[in-house]
Amino acid sequence: MIGEDLLKASEILKRGELVAIPTETVYGLAANALDPSAVAKIYEAKERPSFNPLIVHVASIKEAKKYVKEFPEIAEQIAKAFWPGSISLLLPKHSIIPDLTTAGLPNVVIRVPNHPLTLELLKSLDFPLAAPSANLSNTVSPTTAEHVQLGLGSKIDYILDGGKSAIGLESTILAIKQDKLVILREGGVSREDILAKIGIKVGVNFSNKIQSPGNLKKHYSTSKPLYIVQDINKHIGSNPNGRYSALLFEEKKVLCKSHILSKTYSMSEIANNLFDYMRRADNDNSDCILIEPIKEIGIGRAIADRIVRASSKI
């Protein structure tokens with residue numbers, strides 16, 4: 001059921017059941033982060049591997065501090081500059097957070113989402129919400145309540161409808177190592193945004209170990225193959241027998257059906273439309289989806305990350 005009833009959503013969550021919630025990034029599949037049996041229902045509904053940790057959502061910086069052992073000064077700077085917003089912080093977890101929520105890892109990923117409905121919901125609860133994206137694991141993330149309904153509607157009691165997600169990509173995840181910020185997942189806030197706002201350069205994590213959500217090599221996948229090609233028209237010219245659809249970053253002529261993510265190569269517009277248009281291309285009459293590499297500047301890095309993880313090798 002889709003609706004805007006906060007009281008209904010709150011009552012369902014208090015019973016230990018699942019509710020899909022809107023955020024500015026994507027829709028999340030929420031449950032009581034402190035209740036292992038409720039958290040287990042998230043993994044079951046999503047068919048998510050138990051080694052993949054969840055993000056914990058809270059209503060404020062003050063609330064976040066209840067669930068971590070320490071909240072260093074650099075975390076304080078980030079939180080004050082970007083919360084509510086699409087940055088998540090990896091911090092040592094308090095023992096009150098069950099191991100299942102963090103996939104057995106000693107740290108928890110936590111953030112304050114920037115959506116009025118979900119913030120109001122969080123304020124009405126006396127527990128935080130674990131909420132990965134509200135879709136089957138490794139499929140395209142949902143940015144509308146209708147996307148959630150199509151993917152998980154039969155598995156959850158309620159979908160809180162907050163309209164289309166404003167950003168359309170998951171949050172940026174940051175770790176703190178030797179008082180320095182390291183990016184674990186590119187997302188809705190770019191490293192340039194962080195540098196501009198608080199004057200701190202962000203490093204890159206090169207570890208292959210899963211420390212946070214969004215680190216699986218194959219993720220965000222369409223049901224038909226999605227190929228990254230250097231030039232869409234050249235690819236079609238060399239392989240003329242296929243039925244193609246193209247995802248475009250700006251208006252241009254291509255030799256197949258196209259889905260235009262932005263008319264002017266606007267990075268924010270591309271990010272906002274990416275998952276929605278991946279779904280549209282997945283549902284058209286093509287055999288595969290073509291997309292060219294995106295410029296990896298600003299939020300373009302996060303877009304590139306999602307495209308690469310969604311793609312198949314030719």
Visitor: Assess the residue pair Arg111 and Thr25 against the criterion (side chain to side chain donor-acceptor pair (under 3.5 Å)); give the C-alpha distance rounded to whole Å, side-chain angles, the decisive distance to 0.1 Å, and a yes or no.
Guide: CA-CA 12 Å; Arg111 83 177 182 106; Thr25 57; 3.1 Å; yes

Visitor: Quick check for you: to the nearest 0.5 Å, what is the distance between Ile110 atom CD1 and Thr102 atom OG1?
Guide: 12.0 Å

Visitor: Could you see if Ile156 belongs to whatever hydrophobic cluster contains Leu150? Use Ile, Leu, Val, Met, Phe, Trp, Tyr and a side-chain cutoff under 4.5 Å.
Guide: no

Visitor: Any side-chain heavy atom of Ser171 within less than 4.5 Å of one from Arg185?
Guide: yes

Visitor: So, does Tyr67 use its side chain to make a donor-acceptor pair with the main chain of Val108 at under 3.5 Å?
Guide: no

Visitor: So His259 and Asp284, do their side chains get closer than 4.5 Å, heavy atoms only?
Guide: yes

Visitor: With rounding to the nearest 0.5 angstrom, report the OH to OG distance, Tyr277 to Ser258.
Guide: 10.5 Å

Visitor: Let me know which of Val189, Leu184, Ile87 forms a side-chain contact (heavy atoms from CB on, under 4.5 Å) with Leu174.
Guide: Ile87

Visitor: Can the positive tip of Lys8 be found less than 6.0 Å from the middle of the six-membered ring of Tyr158, inside 45° of the ring normal?
Guide: yes

Visitor: Could you check Ser223 against Asp282 for side chain to side chain donor-acceptor pair (under 3.5 Å), going step by step and ending with a plain yes or no?
Guide: CA-CA 7 Å; Ser223 59; Asp282 206 19; 2.9 Å; yes

Visitor: Are Ile21 and Leu7 linked, directly or through intermediate hydrophobic residues, by side-chain heavy-atom contacts shorter than 4.5 Å (ILVMFWY only)?
Guide: no

Visitor: Going through the distances and angles, do Tyr265 and Lys295 end up as a side-chain contact (heavy atoms from CB on, under 4.5 Å)?
Guide: CA-CA 10 Å; Tyr265 217 118; Lys295 299 171 186 174; 3.4 Å; yes

Visitor: Quick one: do Thr143 and Asp276 satisfy side chain to side chain donor-acceptor pair (under 3.5 Å)? Show the steps, please.
Guide: CA-CA 7 Å; Thr143 54; Asp276 185 17; 5.3 Å; no

Visitor: To the nearest 0.5 angstrom, please state how far the CD1 atom of Ile194 sits from the CD1 atom of Ile183.
Guide: 6.0 Å

Visitor: To the nearest 0.5 angstrom, please state how far the NZ atom of Lys69 sits from the OG atom of Ser95.
Guide: 7.5 Å

Visitor: A side-chain contact here means heavy atoms from C-beta on lying under 4.5 Å apart; do Val109 and Pro53 qualify?
Guide: no

Visitor: Please determine whether a side-chain nitrogen of the Lys or Arg among Glu47 and Lys155 lies less than 4.0 Å from a carboxylate oxygen of the Asp or Glu.
Guide: yes

Visitor: State whether the side chain of Asn233 and the backbone N or O of Lys253 hold a donor-acceptor pair below 3.5 Å, judged by distance alone.
Guide: yes

Visitor: Quick one: OG on Ser133 to CG on Leu152, what's the gap to the nearest 0.5 Å?
Guide: 9.0 Å

Visitor: More than 12 non-hydrogen atoms from neighbouring residues, nucleotides or ligands closer than 6.0 Å to CD on Glu44, yes or no?
Guide: no

Visitor: Start with the C-alpha gap between Arg306 and Glu186, add the side-chain angles, then the distance that decides, and say whether salt bridge (Lys or Arg N to Asp or Glu O under 4.0 Å) holds.
Guide: CA-CA 9 Å; Arg306 304 310 188 270; Glu186 302 278 2; over 6 Å; no

Visitor: Indicate yes or no: at least one non-hydrogen side-chain atom of Phe127 is less than 4.5 angstrom from one of Lys14.
Guide: yes

Visitor: For Lys123 and Ala59, which heavy atoms make the closest approach, and how far apart are they?
Guide: CG-CB, 3.8 Å

Visitor: Could you tell me if the side chain of Ile228 sits less than 4.5 Å from the side chain of Pro293, heavy atoms only?
Guide: yes

Visitor: Spell out, as yes or no, whether a donor-acceptor pair under 3.5 Å connects the side chain of Thr222 to the backbone of Lys224.
Guide: yes

Visitor: Report the C-alpha distance between Val202 and Val182 in whole Å, list the side-chain angles of each, state the deciding distance to 0.1 Å, and finish with yes or no for side-chain contact (heavy atoms from CB on, under 4.5 Å).
Guide: CA-CA 6 Å; Val202 180; Val182 176; 5.9 Å; no

Visitor: Any side-chain to backbone donor/acceptor pair from Thr101 onto Ala33? Under 3.5 Å, distance only.
Guide: yes

Visitor: Backbone N or O of Thr139 within a donor-acceptor pair of the Asn135 side chain at under 3.5 Å?
Guide: yes

Visitor: Of all the heavy-atom pairs spanning Met278 and Ala310, show the shortest one and how long it is.
Guide: CE-CB, 3.8 Å

Visitor: Would you say Tyr27's side chain and Glu146's backbone share a donor-acceptor pair under 3.5 angstrom?
Guide: no

Visitor: List the atom of Glu76, the atom of Ile61, and the distance in Å for their closest heavy-atom pair.
Guide: OE2-CG2, 4.2 Å

Visitor: In terms of hydrophobic clusters joined by side-chain contacts under 4.5 Å, are Leu195 and Ile74 together?
Guide: no

Visitor: Can Asn32 and Val39 be said to form a side-chain contact (heavy atoms from CB on, under 4.5 Å), step by step?
Guide: CA-CA 7 Å; Asn32 182 348; Val39 171; over 6 Å; no

Visitor: Could you tell me whether the side chain of Lys46 and the main chain of Leu136 form a donor-acceptor pair under 3.5 Å?
Guide: no

Visitor: Does any N or O in the side chain of Asn272 come within less than 3.5 Å of the main-chain N or O of Glu269, such that one atom is a donor and the other an acceptor?
Guide: no

Visitor: Would you say the side chain of Pro142 lies within less than 4.5 Å of the side chain of Phe275, judging by non-hydrogen atoms?
Guide: no

Visitor: Of all heavy-atom pairs between Arg48 and Pro132, which one has the smallest distance, and what is that distance?
Guide: NH1-CB, 3.6 Å

Visitor: Please test His57 against Thr118 for side-chain contact (heavy atoms from CB on, under 4.5 Å), starting from the C-alpha separation and ending with a verdict.
Guide: CA-CA 9 Å; His57 294 70; Thr118 293; 5.8 Å; no

Visitor: Short question: side chain of Asn114, backbone of Gly85 - any donor-acceptor pair under 3.5 Å?
Guide: no

Visitor: For the pair Lys41 (side chain) and Gly16 (backbone), establish whether a donor and an acceptor sit closer than 3.5 Å, ignoring hydrogens and angles.
Guide: yes

Visitor: Could you grab the distance from atom CG of Leu90 to atom CG of Leu181, nearest 0.5 Å is fine?
Guide: 11.5 Å

Visitor: Begin from the C-alpha positions of Ser262 and Glu250 and carry the test side chain to side chain donor-acceptor pair (under 3.5 Å) through to its verdict.
Guide: CA-CA 5 Å; Ser262 169; Glu250 59 189 342; over 6 Å; no

Visitor: Locate the shortest heavy-atom distance separating Leu54 from Tyr43; write the atom from each residue and the value.
Guide: CG-OH, 3.7 Å

Visitor: Quick one, Leu169 and Ile299 - any side-chain contact, counting heavy atoms below 4.5 Å?
Guide: yes

Visitor: A cation-pi test, strictly: NZ or CZ of Lys257 under 6.0 Å from the centre of the six-membered ring of Tyr244 and no more than 45 degrees from its axis. Yes or no?
Guide: no

Visitor: Provide the closest heavy-atom pair for Pro113 versus Pro84 in the form atom of the first, atom of the second, distance.
Guide: O-CB, 3.4 Å

Visitor: Should Lys197 and Asp193 count as an ion pair when the cut-off is N to O under 4.0 Å?
Guide: no

Visitor: Within the structure provided, determine whether Val56 and Leu129 are in side-chain contact (heavy-atom separation under 4.5 Å).
Guide: no

Visitor: Salt bridge check: are Lys65 and Glu70 linked by an N-O gap of less than 4.0 Å?
Guide: no

